[in-house]
Amino acid sequence: MPGTLEPLDVTVQIPYHFRCPISLELMRDPVIVVTGQTYDRSSIESWVATGNTSCPVTRLPLTEFTLIPNHTLRRLIQEWCVANRSFGVERIPTPKQPADPVVVRSLLCQAGNENINKNARLAAIRRLRALARESEKNRSVILTQNAREVLLSVFFLTHLTEIKIESLATLSLFPLNETECLFVTSDPDRLTSLISFLSHPSIDVRVNCASLLENILAGTKSPEFRSAISESGEVFDQIVGILNYPLTYPCAIKIGIKALFALCLVKQHRYKAVEAGAVTVLIDRLPDFEKCDAERALATVELLCRIPEGCEAFACHALTVPLLVKIILKISDRATEYAAGALLSLCSAEERLKNEAVGAGVLTQLLLLVQSDCTERAKRKAQMLLKLLRDSWPEKTDRDSDEYGCSDVVRF
């Protein structure tokens, strides 16, 4: 077997044993598999993830998938990179090793052990949280050790507030399965205990609580138990309060809108969102949302416009209609669809809003929308809105133009 492969360029050759046998590229995180062969971590993980169960080089079965870091080879690769720095070779950084399952199990045992002192338990939970925040790989390792079950038990069984807060912060980083969601929602005392943290003086604690509640709502299939979460008016008040937090804490806005949207999916309690002031905060904050959050915010607006209380509240806000009209075709196809749906509900509810929408330029926006590559649902809502507004069109408008005559918009 040759000592090197073809040169990287005219002056530098990568030594053969520094290349991953799968990708044939310089290894950045060399690891040893059970057969004794070394591969780059990302390459061998992808190999196994696609269903392969044998070693790529030896073809022997991978009886277990334990990856041992090859520190010696990594140091040799780093030294080679430094030695060839003048040829444009960059030194590979020392990779962070994924969480060790043995260490994770030990930390979870400490966290759940009520017989050891508080500081040791706090340290264990904080270490778990730090590992979880480092990488998706770490979160996967932690989840395989039943971490959510342990942390839920810790949160609801301990009487120590500090431990509750730390376990809540760690739990908020993981999605919950249906069984774990049922563990919380089926017990009114547990649910009340969790919701109480939405009133905590610390914004970090409130945000973590909102995040966990959103995860629970997302993982709960039972309408009855979803309703149990949203039936408390305090929940809506606190979530709206999180959304109103200053922009210096962007995480509050992101988590707040996810939680509010999840709560508003329960139709019978949407009026509570209106009573809590969600309408004002949604319109006032809409320009501050990033794309994905703006889509959720507009979806929430459309949901609230489907109830009389919501329509009335949005109609009273001077910026509602101009802002929704402006958003059409601006953010994304989804955002356009939700904005058109909200305008359709508003204009159907109040005659004044038809004239306001026309004055804001909605006709041009809708005509462009029905001829765009937007979703069929968005186009359907646009056509319905055009039909609804036909009596409000000025005498000379785009419908009399050549562009309208050549478009695929159906005349009403």
Novice: More than 12 heavy atoms of other residues, nucleotides or ligands under 6.0 Å from CD of E134: yes or no?
Specialist: yes
Novice: Please name the pair of heavy atoms, one in A342 and one in L324, separated by the smallest distance, quoted to 0.1 Å.
Specialist: CB-CD1, 3.9 Å
Novice: Using 4.0 Å as the upper bound for N to carboxylate O, is an ion pair formed by E25 and R19?
Specialist: no
Novice: Nearest 0.5 Å, what's the OG-CG distance between S54 and N52?
Specialist: 6.0 Å
Novice: Judged by atom type as modelled, is there a donor-acceptor pair below 3.5 Å linking the side chain of T50 to the main-chain atoms of S46?
Specialist: yes
Novice: A side-chain contact here means heavy atoms from C-beta on lying under 4.5 Å apart; do R148 and L176 qualify?
Specialist: yes
Novice: Sub-3.5 Å donor-acceptor pair from the side chain of Q365 to the main-chain atoms of V325, do we have one?
Specialist: yes
Novice: What closest approach, in Å, do E350 and A315 show between heavy atoms, and which atom pair accounts for it?
Specialist: OE1-CB, 3.5 Å
Novice: Between the main-chain N or O of D189 and the side-chain N or O of S193, is there a donor-acceptor pair closer than 3.5 Å?
Specialist: no
Novice: Consider salt bridge (Lys or Arg N to Asp or Glu O under 4.0 Å). Of R296, K254, R285, which one does E290 pass it with?
Specialist: K254
Novice: Answer yes or no: is there a side-chain heavy-atom contact under 4.5 Å between L212 and L194?
Specialist: yes
Novice: Would you say L353 and L343 make side-chain contact, with heavy atoms under 4.5 Å?
Specialist: no
Novice: So, the side chain of N177 versus the backbone of T179: is there a donor-acceptor pair under 3.5 Å, distance only?
Specialist: yes
Novice: Measure from the side-chain N and O atoms of S140 to the backbone N and O of E136, and report whether any donor-acceptor pair falls under 3.5 Å.
Specialist: yes
Novice: Is V154 close to R121 at the side-chain level, that is, under 4.5 Å between some pair of heavy atoms?
Specialist: yes
Novice: Over 60° means perpendicular and under 30° means parallel, so classify the ring planes of F155 and F197, tilted if in between.
Specialist: tilted
Novice: For a side-chain contact (heavy atoms from CB on, under 4.5 Å) check, start with the C-alpha distance between I216 and I229, then their side-chain angles and the critical distance, and finish with the verdict.
Specialist: CA-CA 9 Å; I216 292 171; I229 300 173; 3.7 Å; yes
Novice: Please determine whether a side-chain nitrogen of the Lys or Arg among K272 and E231 lies less than 4.0 Å from a carboxylate oxygen of the Asp or Glu.
Specialist: no
Novice: For F236, run the side-chain contact (heavy atoms from CB on, under 4.5 Å) check against V274, L260, L198 and tell me which one passes.
Specialist: L260
Novice: For R334, does the CZ atom sit with more than 12 other heavy atoms under 6.0 Å from it, leaving out its own atoms?
Specialist: no
Novice: Between R139 and A132, is there a donor-acceptor pair closer than 3.5 Å when you use the side chain of the first and the backbone of the second?
Specialist: yes
Novice: Verify whether one side chain among E234 and S199 offers a donor that lies under 3.5 Å from an acceptor in the other.
Specialist: yes
Novice: If you measure from CG on L304 to CD on E302, what distance do you get to the nearest 0.5 Å?
Specialist: 10.5 Å
Novice: Taking the side chain as every heavy atom from C-beta outward, state whether I92 and Q78 have any pair of such atoms under 4.5 Å apart.
Specialist: yes
Novice: Between A99 and N138, which heavy-atom pair has the shortest distance, and what is it?
Specialist: N-OD1, 2.7 Å
Novice: Evaluate the criterion salt bridge (Lys or Arg N to Asp or Glu O under 4.0 Å) for residue pair E337 and K379; output intermediate values, then yes/no.
Specialist: CA-CA 8 Å; E337 178 186 331; K379 291 180 180 181; over 6 Å; no
Novice: Could you measure the distance from the SG atom of C209 to the CD atom of Q238? Nearest 0.5 Å is fine.
Specialist: 9.0 Å
Novice: Might you work through the side chain to side chain donor-acceptor pair (under 3.5 Å) test for T38 and N70, ending with a clear yes or no?
Specialist: CA-CA 8 Å; T38 296; N70 192 332; 3.1 Å; yes
Novice: When you measure from the side chain of N208 to the backbone of L168, do you find a donor-acceptor pair of N or O atoms at a distance under 3.5 Å?
Specialist: no
Novice: Given I44 and F65, is the side-chain contact (heavy atoms from CB on, under 4.5 Å) satisfied, shown in steps?
Specialist: CA-CA 10 Å; I44 190 63; F65 190 59; 4.1 Å; yes
Novice: For atom CD of E309, decide whether the heavy atoms of other residues, nucleotides or ligands shown that lie under 6.0 angstrom number more than 12.
Specialist: yes
Novice: Applying side-chain contact (heavy atoms from CB on, under 4.5 Å), run through I255 and I242 and close with a yes or a no.
Specialist: CA-CA 8 Å; I255 298 299; I242 289 173; 5.6 Å; no
Novice: Does anything in residues 105-139 form a ring pair (Phe, Tyr, Trp, His ring centres under 6.0 Å)? List the pairs, not counting sequence neighbours.
Specialist: none
Novice: What pair of heavy atoms forms the shortest contact from I253 to L243, and how long is it?
Specialist: O-CD2, 3.6 Å
Novice: Which heavy atom of A228 sits nearest a heavy atom of L191, and at what distance?
Specialist: O-CD2, 3.7 Å
Novice: Salt-bridge test for E376 and R380: reply yes if a basic N is under 4.0 Å from a carboxylate O, no otherwise.
Specialist: no
Novice: For L213 and L263: C-alpha separation, side-chain torsions, deciding distance, then whether side-chain contact (heavy atoms from CB on, under 4.5 Å) applies.
Specialist: CA-CA 9 Å; L213 280 171; L263 288 167; over 6 Å; no
Novice: Under 4.5 Å between any side-chain heavy atoms of R270 and K267, yes or no?
Specialist: yes
Novice: Does the N117 side chain pair with the main chain of A120, one donor and one acceptor, at a distance under 3.5 Å?
Specialist: yes
Novice: Okay, side chain of T170, backbone of E166: is any donor-acceptor separation there less than 3.5 Å?
Specialist: yes
Novice: I need the single residue from L366, V370, T364 that forms a side-chain contact (heavy atoms from CB on, under 4.5 Å) with L368. Which is it?
Specialist: T364
Novice: Heavy atoms, side chains only, cut-off 4.5 Å: are I327 and Y338 in contact?
Specialist: no
Novice: How many angstroms lie between atom OG of S372 and atom CG of L367, to the nearest 0.5 angstrom?
Specialist: 11.5 Å
Novice: Just how far is it from atom CG of L171 to atom CG of N215, taken to the nearest 0.5 Å?
Specialist: 9.0 Å
Novice: Can you confirm whether T53 sits close enough to P61 that some side-chain heavy atom of one is under 4.5 Å from a side-chain heavy atom of the other?
Specialist: no
Novice: Please give me the minimum heavy-atom distance between I77 and P30, naming the atom from each residue.
Specialist: CD1-CG, 4.5 Å
Novice: Sequence neighbours excluded and cut-off under 3.5 Å, please list the side-chain donor-acceptor pairs for residues 102-111, or say none.
Specialist:
residue : atom : partner : partner atom : Å
R105    : NH1  : Q145    : OE1          : 3.2

Novice: In Å and rounded to the nearest 0.5 Å, what is the CD to OG distance from E224 to S186?
Specialist: 10.0 Å
Novice: Look only at the side chain of N84 and the backbone of W80, and say whether a donor-acceptor pair between them is shorter than 3.5 Å.
Specialist: yes
Novice: Does atom CZ of R352 have more than 12 heavy-atom neighbours from other groups under 6.0 Å away?
Specialist: yes
Novice: Under the side-chain hydrogen bond (donor to acceptor under 3.5 Å, both in side chains) test, which residues partner E64, sequence neighbours left out?
Specialist: T66
Novice: Does a donor on one side chain sit under 3.5 Å from an acceptor on the other, for E295 and S332?
Specialist: yes
